[in-house]
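Bear in mind the structure is a predicted one, so any value in this text is a computation, not a measurement. Every number for a ligand or one of its atoms is a count from 1 in the order of the listing.
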Amino acid sequence: MLILGIESSCDDAAAAVIETATAGIAEVRSSTVANQDDIHRAYGGIVPELASRNHVITITAVIERALAGAGCALGDIEGIAVTRGPGLVGSLLVGLMCAKGLAQGTGLPMVGVNHIEGHLLAPLLEHRIAMPYLALVVSGGHTALFAVEDFGRYRRLGRTRDDAAGEAFDKVAKLMGLGYPGGRVIDEMSRKGNRKRVRIPRAQVKGAPLDFSFSGVKTAVATLLATADGRAELPEDLAASFQEAVVDMLVKPTVAAARELGADTIALTGGVAANSRLRVRLAEAAAAEGRRLVAPALKYCTDNAAMIALAGSYRLLRGERDELTIDAEANLAL
Ligand code: KG4
Ligand code: ZN
């Protein structure tokens, strides 16, 4: 089955074509993303109104590029999967309306997909992983641990109580005057820094060992930068020390959750999965307990439509379809 995936939940407009015959096993024929970082950079964060307006401008071309990249025409497509939430409602609406229009015009079945389900299943685009597996979704908007028990069966084991980890990277980068988005810059700077140089307290959520909290580390950096001593630290050392604190706070609950679930595989996904230190530390921690870390290629960690197509595919393969009356839902629960 050839499936067209469409994703526009935040600031990336993406389309992809996958080919699949069995749930969870797919070949990505094409995956295209129109990134808006250059538009939002001047504001130090995503401006929802600008995100949706730009989706309107780019989405058709993105879909056409995905079809051309897959070497096929709309007439070859057999099903459409589109993100319907969670995300920015204006952004979601652009992709969803586009998918509905295509479905209405062609008669193709369409299914609405939960964006988080896309992230949870993204590791399957490149790897065979036995279920249940543990997934750490860590991005600018989300930080959570899920047991992936089956297609459509996910159990949340832990979540952030405040900021997402990527949000902490972005906010600290902003405090340090490093621009937006800041995760990649901090990651690169940290390679030249001493991660033990600056003391950053690690936060744990009392009574909830699988939950996360990142607002404290952000405040710690802000407080430090308000002092002359703090400002005298080398930015590389500060970046590396902050990053190490975030990584510690991600690794500990993840390992504990894998142990609790008895999962052989830990899958790492979301934009922060690009972090080089997190990949190394989590791989080491997993290996120390005889578990395997699977981290998808960067293009499948960040927002993309191949993961949305995959997350919609098991329903389309069963012959299911959603009514064209489904709505975009900013807070759609998994
Ligand atoms: O998944 P994503 O592309 O968008 C959503 O938030 O859904 O993730 C973007 C987030 C941003 O917060 C960005 O700063 C962070 O991922 N990020 C990183 C790295 N690359 C991107 N954080 C830490 N280290 C990186 N190398
Ligand atoms: Zn995402």
Side-chain angles (χ1 to χ4, degrees), residues 5-14 16 31 33-37 40-41 44-46 48 51 55 82-88 91-92 95 113-123 125 135-144 146 160 163-176 178-191 193 195 212 214 217-218 239-240 242-251 267-282 295-308 310-311 330 332 334:
I6 300 174
E7 149 69 35
S8 69
S9 63
C10 191
D11 60 335
D12 292 319
S31 182
V33 182
N35 177 281
Q36 295 183 2
D37 281 353
H40 301 283
R41 187 167 289 120
I46 294 161
H55 284 334
V82 60
T83 307
R84 62 177 290 233
L88 302 169
S91 289
L92 287 164
V113 170
N114 184 303
H115 180 81
I116 303 301
E117 181 176 20
H119 278 304
L120 294 180
L121 299 180
L125 289 167
L136 170 63
V137 186
V138 65
S139 74
H142 310 277
T143 300
F146 282 91
T160 181
D163 291 348
E167 202 177 346
F169 270 99
D170 293 339
K171 285 178 176 171
V172 163
K174 198 169 175 179
L175 286 169
M176 293 176 69
L178 301 174
Y180 170 86
R184 197 169 49 84
V185 188
I186 290 190
D187 191 358
E188 276 162 19
M189 272 181 87
S190 298
R191 291 170 205 267
R195 44 184 182 259
F212 307 92
F214 295 103
V217 275
K218 172 197 67 191
F242 159 75
Q243 176 174 278
E244 197 67 6
V246 173
V247 168
D248 276 344
M249 290 188 296
L250 285 169
V251 169
L268 176 60
T269 176
V272 181
N275 188 268
S276 56
R277 184 69 185 152
L278 178 61
R279 284 182 176 237
V280 169
R281 287 279 314 280
L282 207 50
L298 201 53
K299 61 182 176 184
Y300 300 135
C301 285
T302 53
D303 288 351
N304 67 88
M307 69 181 191
I308 301 303
L310 185 79
L332 184 65
L334 188 61

Q) Would Thr302 and Asn35 satisfy side-chain contact (heavy atoms from CB on, under 4.5 Å), going step by step from the backbone distance to the final call? A) CA-CA 11 Å; Thr302 53; Asn35 177 281; over 6 Å; no

Q. Val113 and Arg84: side-chain contact (heavy atoms from CB on, under 4.5 Å), yes or no, with the steps?
A. CA-CA 6 Å; Val113 170; Arg84 62 177 290 233; over 6 Å; no

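Neighbouring protein atoms of the Zn ion (ligand 2) (N, O or S, distance under 2.8 Å, waters ignored): His115 NE2, His119 NE2, Asp303 OD1.
Protein heavy atom at the shortest distance from atom 26 (N) of ligand 1 is Asp187 OD2, 2.9 Å. With hydrogens left out, the protein atom closest to atom 24 (N) of ligand 1 is Asn275 ND2, 2.9 Å, a heavy atom. Looking at atom 1 (O) of ligand 1, its nearest protein heavy atom turns out to be Gly271 N, 3.0 Å. Scanning the protein heavy atoms around atom 13 (C) of ligand 1, the nearest turns out to be Asp170 OD1, 3.7 Å. Considering only non-hydrogen protein atoms, atom 15 (C) of ligand 1 sits nearest to Val272 CG2, 3.9 Å. Summary of contacts: the protein heavy atom closest to atom 10 (C) of ligand 1 is Gly140 N, 3.5 Å. Atom 7 (O) of ligand 1 has as its closest protein heavy atom Asp303 OD2, 3.2 Å. What sits closest to atom 18 (C) of ligand 1 on the protein, heavy atoms only, is Gly183 CA, 3.5 Å.
Using a 4.0 Å cut-off between a side-chain N of Lys or Arg and a carboxylate O of Asp or Glu, Glu244 and Arg281 qualify as a salt bridge.
Residues passing the salt bridge (charged side-chain N to carboxylate O under 4.0 Å, His left out) test with Asp12: none are found, sequence neighbours excluded. Every residue two or more places apart in sequence or in another chain was checked for a ring-ring contact (aromatic ring centres under 6.0 Å, His included) with Phe146, and none qualifies.
In this structure, Cys10 has no heavy atom closer than 4.0 Å to ligand 1.
No side-chain donor-acceptor contact under 3.5 Å links His55 and Asp11. Between the side chains of Asn275 and Gln243, at least one donor-acceptor pair of N or O atoms lies under 3.5 Å.
For ligand 1 and Ala274, the ligand atoms under 4.0 Å from any heavy atom of the residue are 20 (N), 26 (N). Listed by number with element, the atoms of ligand 1 under 4.0 angstrom from any heavy atom of Arg184 are 19 (C), 20 (N), 25 (C), 26 (N). Shown in contact with Gly166 at under 4.0 Å from a heavy atom are these atoms of ligand 1, numbered in order with element: 12 (O). Taking every heavy atom of Gly141 and a limit of under 4.0 angstrom, the matching atoms of ligand 1 come to 6 (O). Atom numbering of ligand 1 starts at 1 in the shown order; those under 4.0 Å from a heavy atom of Ser139 are 1 (O), 5 (C), 6 (O), 7 (O), 8 (O). In the vicinity of Thr302, heavy-atom distances shorter than 4.0 Å reach the ligand 1 atoms 1 (O), 3 (O).
Residues Ser91 and Ser9 approach most closely at CB-O, 3.7 Å, considering heavy atoms. When all heavy atoms are compared, the tightest approach of Leu268 to Cys301 is O-SG, 4.4 Å.
Side-chain contact between Thr143 and Leu250 is present, with at least one heavy-atom pair separated by less than 4.5 Å.
Classified by interplanar angle (parallel below 30°, tilted 30° to 60°, perpendicular above 60°), the ring pair Phe214/Phe212 is parallel. Note: Phe242 and Phe169 have perpendicular aromatic rings, judged against thresholds of 30 and 60 degrees for the angle between ring planes.
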Sequence neighbours left out, cut at 3.5 Å: what donor-acceptor pairs do the side chains of residues 181-189 make with other protein atoms?
from	atom 1	to	atom 2	distance (Å)
Arg184	NH1	Glu188	OE2	3.4
Asp187	OD1	Ser276	OG	2.6
Asp187	OD2	Ser276	N	3.0

